Amino acid sequence: MPGTRFPRHARLLLPREFDAVFQSGRRERGRFFVCVVAAGACARARIGFAVGKKHLPAAHDRNLVKRLARESFRARRERMPAVDLVLSPGREVSRGDRVLLRRDLDALFDRVIAGPIPVSASVRTPTPVGGEESPR
RNA sequence: GGCGUUGGUUAAACGGUCGCGGUGCGGGCCCGCAAGGGCACUGCAUCGAGGAAAGUCCGGGCUGCAUAGAGCAAGGUGCCAGAUAACAUCUGGGGGGCGAGAGUCCACGGACAGUGCAACAGAGAACAGUCCGCCAGCGGCUCGUCGCAAGGCGAGUGCGGGCAAGGGUGAAACGGUGCGGUAAGAGCGCACCGCGUCGGUGGCAACACGCGACGGCACGGCAAACCCCACCUGCAGCAAGGCUAAAUAGGGGGAGCAUGGCGCGGCUCGCGUCUUCCCCGGGUUGGCUGCUUGAGGCCGACGGUGACGUCGGUCCCAGAGGAAUGACCGUUCACGACAAAACCCGGCUUAUCGACUGACCCGGGCG
């Protein structure tokens, strides 16, 4: 599968990018995860992870979840609309094994692909954020 | 043979594809006259979590601040000797407990400096004490008996008296065993054991001794109770600390705007203020650095019982920053535990599926 890359600019890194998604996005819920979907500021889909210690106290469990999510996202980034996503684990996440978690992630991202493309509902967020594509 | 003891190594393996982070050599794009710089673009090569990375319990390095010396307070350590940068760690040794043994466990200085504490039980818990008990010589009292009587004898009482062996209580009760001794007893005497003091011998020392002399012989326990003694410790931590671009709001200084506008004023001077440029200093949000070559790993020689040290050779072995090791396919097996760096080391403690291996102990068989 060539072309299914996951470069750095496909990540949400700054707190204000997360805030923008949380303010304007809609929520897709899976069994183990919640995904906030908002209109993308870039041409391609981007994702950020909000994995706290609340539901996953052990460091290696948080790593595992992020890796599974990254892999699932990477496999279908090409097919995604230009959206920004924030993924969070839910309360049930510690009950799943890696197969179940991966299945849930795949289904969740497929729904993002099939679902409605979020319109940049208000004028406020996308425009200023869109201007930060220049390298710093 | 052992569900014996004690160390060490390892942490599924191999191939392919895709993906992520660092470094090196190229390519591309952007900024710049250039030197050069930047990039969350890209090709190739190469490297990329742990034995505990963990808990953050100790000890150091490093960094900033503080600091004449000494003392006090507070905290820590606590058999001896050594190792080490240092330690609460490690090594060797001593003592004590446990074990048949290999081994293993121990905050293991001081209770004649002082103040305290000891529940319950028990008579009694620290200049001892007598509940049951033992004794029957002596003083009482009662009864019986003998006697003319004084009184004798016997029994009882256990009031006075002697005793601390035995019973009983307790975590702990003021040496143990035996013999003598006695009314009964007791280090009361003796022997042996134990103990104390002084000396001797061995050992660097802790300490040891089937060594000698003296002493009948308690000097009890708790110091993870206060305390005393000896030794150690300045405080904070990589969000330490250093450097710095930019935007916005705004502070200080200087210059300019040909004799400028506005305010105070009747006018001039003057002062304040507005506007432009330059310089300086601080806060916010970022960036860079600190950031990995180190008390370093491996191999060998030598010294040492050992921890470890010295010398030589060789290797470079994560440096992220919302945080890199994963996914898929194939093959194999014992079907894979605990758990992931965040400035770096040395330890301790705790978690852990297994696999391999060294040394030693016990029992049995054969030679």
Side-chain angles (χ1 to χ4, degrees):
Chain A
M1 341 172 224
T4 58
R5 310 199 64 247
F6 186 55
R8 196 113 180 109
H9 63 259
R11 300 281 309 280
L12 299 181
L13 300 173
L14 299 171
R16 64 173 198 269
E17 295 173 330
F18 280 76
D19 291 342
V21 173
F22 279 121
Q23 277 174 29
S24 64
R26 72 162 202 279
R27 271 139 228 269
E28 289 283 352
R29 291 180 192 281
R31 181 177 166 198
F32 300 114
F33 295 95
V34 179
C35 188
V36 184
V37 185
C42 298
R44 317 261 305 263
R46 299 192 303 169
I47 191 167
F49 302 110
V51 181
K53 290 187 180 174
K54 187 178 177 186
H55 299 311
L56 292 168
H60 66 277
D61 288 331
R62 289 196 297 277
N63 265 337
L64 175 66
V65 163
K66 283 189 274 191
R67 283 172 181 157
L68 289 172
R70 192 157 48 236
E71 199 59 30
S72 177
F73 176 78
R74 183 174 74 84
R76 60 208 80 212
R77 188 168 80 97
E78 287 293 305
R79 287 180 278 140
M80 285 213 177
V83 290
D84 284 348
L85 309 175
V86 171
L87 185 82
S88 295
R91 184 182 307 168
E92 295 289 304
V93 72
S94 56
R95 293 185 206 276
D97 60 18
R98 57 172 62 203
V99 173
L100 289 174
L101 293 176
R102 179 63 193 266
R103 201 172 289 158
D104 191 50
L105 287 164
D106 288 348
L108 198 58
F109 289 137
D110 284 340
R111 283 217 303 279
V112 172
I113 292 171
I117 299 167
V119 191
S120 355
S122 60
V123 206
R124 38 175 187 145
T125 28
T127 323
V129 179
E132 54 84 54
E133 189 58 47
S134 59
R136 77 194 59 225

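All chains are named by letter (A, B, ...) in the order of the sequence lines, taking the proteins before the strands, and each is independently numbered beginning at 1. This one's a predicted model, so the numbers in the text were calculated from it and none came from an experiment.
- Across every strand in view, B/C222 sits in a pair with B/G116 that passes the Watson-Crick or G-U test at under 3.5 angstrom.
- Taking the P atom of each, B/G8 and B/C105 are spaced 14 Å apart, rounded to whole Å.
- Contact check for A/Leu100 versus A/Arg95: no side-chain heavy atoms found under the 4.5 Å cut-off.
- For the C1' atoms, the distance linking B/A186 with B/C135 amounts to 14 Å, nearest Å.
- More than 90° away from 0 lies the glycosidic angle of B/A355, which makes this nucleotide anti.
- In plain terms, the two heavy atoms of A/Arg31 and A/Glu92 that are nearest each other are O-CB, 3.9 Å.
- The side chain of A/Arg74 lies closest to B/G19, out of B/G19, B/G322, B/A49.
- We find that CG of A/Leu64 is positioned 11 Å from P of B/U325, with the value rounded to whole Å.
- Base pairing of B/U91 is made with B/A81, judged by Watson-Crick or G-U wobble geometry with both donor-acceptor distances under 3.5 Å.
- Taking atom NZ of residue A/Lys66 and atom C1' of nucleotide B/G321, one finds them 11 Å apart after rounding to whole Å.
- Distance noted for atom C1' between B/A245 and B/U285: 13 Å (whole Å).
- A/Arg76 places its CZ atom 17 Å from the P atom of B/G19, with the value rounded to the nearest Å.
- With its glycosidic angle more than 90° from 0, B/G50 adopts the anti conformation.
- Under the Watson-Crick and G-U wobble criteria, each requiring two contacts below 3.5 Å, nucleotide B/A12 is paired to B/U332.
- On the P atoms, B/G152 is 43 Å away from B/C174, given to the nearest whole Å.
- Checked by atom type and distance alone, the side chain of A/Arg77 never pairs as donor or acceptor with a backbone atom of A/Ala10 at under 3.5 Å.
- The base-pairing partner of B/U6, taking Watson-Crick or G-U wobble contacts with both distances under 3.5 Å, is B/G358.
- Under the Watson-Crick or G-U wobble criterion, with both distances below 3.5 Å, B/G189 is paired with B/C179.
- Among B/C20, B/G322, B/A339, the nucleotide with an atom closest to any side-chain atom of A/His60 is B/A339.
- Checking B/C262 for Watson-Crick or G-U wobble geometry (two distances, each under 3.5 Å) identifies B/G272 as its partner.
- Rounded to whole Å, the P atom of B/A128 lies 39 Å from the corresponding atom of B/C231.
- Judged by closest nucleotide on RNA chain B, A/Phe49 is the one of A/Arg62 and A/Phe49 placed further toward the 5' end.
- With both ends at atom C1', the span from B/A121 to B/G137 equals 39 Å, rounded to whole Å.
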Carefully, step by step, assess A/Val34 and A/Leu87 under the rule side chain to side chain contact (heavy atoms under 4.5 Å, CB included). CA-CA 6 Å; A/Val34 179; A/Leu87 185 82; over 6 Å; no

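- Between B/G19, B/A341, B/G322, one nucleotide has an atom nearer to the side chain of A/Phe6 than all others, and that is B/G19.
- You'll find the side chain of A/Leu105 stays beyond 4.5 Å of the side chain of A/Phe73, heavy atoms only.
- If you measure from atom CZ of A/Phe18 to atom P of B/G322, you get 9 Å, rounded to the nearest angstrom.
- Pairs passing the side chain to side chain donor-acceptor pair (under 3.5 Å) check and including a residue from residues 48-62 of chain A, sequence neighbours excluded, do not occur.
- Classification of B/C317 as syn follows from a glycosidic angle within 90° of 0.
- Toward the 5' end of RNA chain B, the nearer of the two residues A/Ala58 and A/Glu71, judged by each one's closest nucleotide, is A/Glu71.
- Residue A/Arg98 places its side chain closer to B/A327 than to any other of B/A324, B/A341, B/A327.
- Of the side-chain N and O atoms in A/Asn63, one or more sit less than 4.0 angstrom from OP1 or OP2 of B/A324.
- Looking at A/Asp104, its side chain never comes within 3.5 Å of a backbone N or O of A/Gly30 through a donor-acceptor pair.
- To the nearest whole angstrom, the two C1' atoms, one in B/G110 and one in B/C62, are 41 Å apart.
- Not a single donor-acceptor pair, N or O on each side, falls under 3.5 Å between the base of B/C20 and the side chain of A/Arg70.
- Across the protein-nucleic acid pair, A/Arg103 atom CZ and B/C328 atom C1' stand 16 Å apart, rounded to whole Å.
- For A/Arg103, there are no salt bridge (Lys or Arg N to Asp or Glu O under 4.0 Å) partners at least two apart in sequence or on another chain.
- Checking B/G144 for Watson-Crick or G-U wobble geometry (two distances, each under 3.5 Å) identifies B/C153 as its partner.
- Distance CG (A/Asp84) to C1' (B/G322): 15 Å, rounded to an integer number of Å.
- Distance check on atom P: B/C361 versus B/G178 gives 43 Å, rounded to whole Å.
- Looking at the side chain of A/Ala50, the nearest of the listed nucleotides B/U325, B/G322, B/A327 is B/G322.
- For A/Leu56 and B/A339, the CG to C1' distance is 14 Å, given to the nearest whole Å.
- With a cut-off of 3.5 Å on both Watson-Crick or G-U wobble distances, the partner of B/U314 is given as B/G297.
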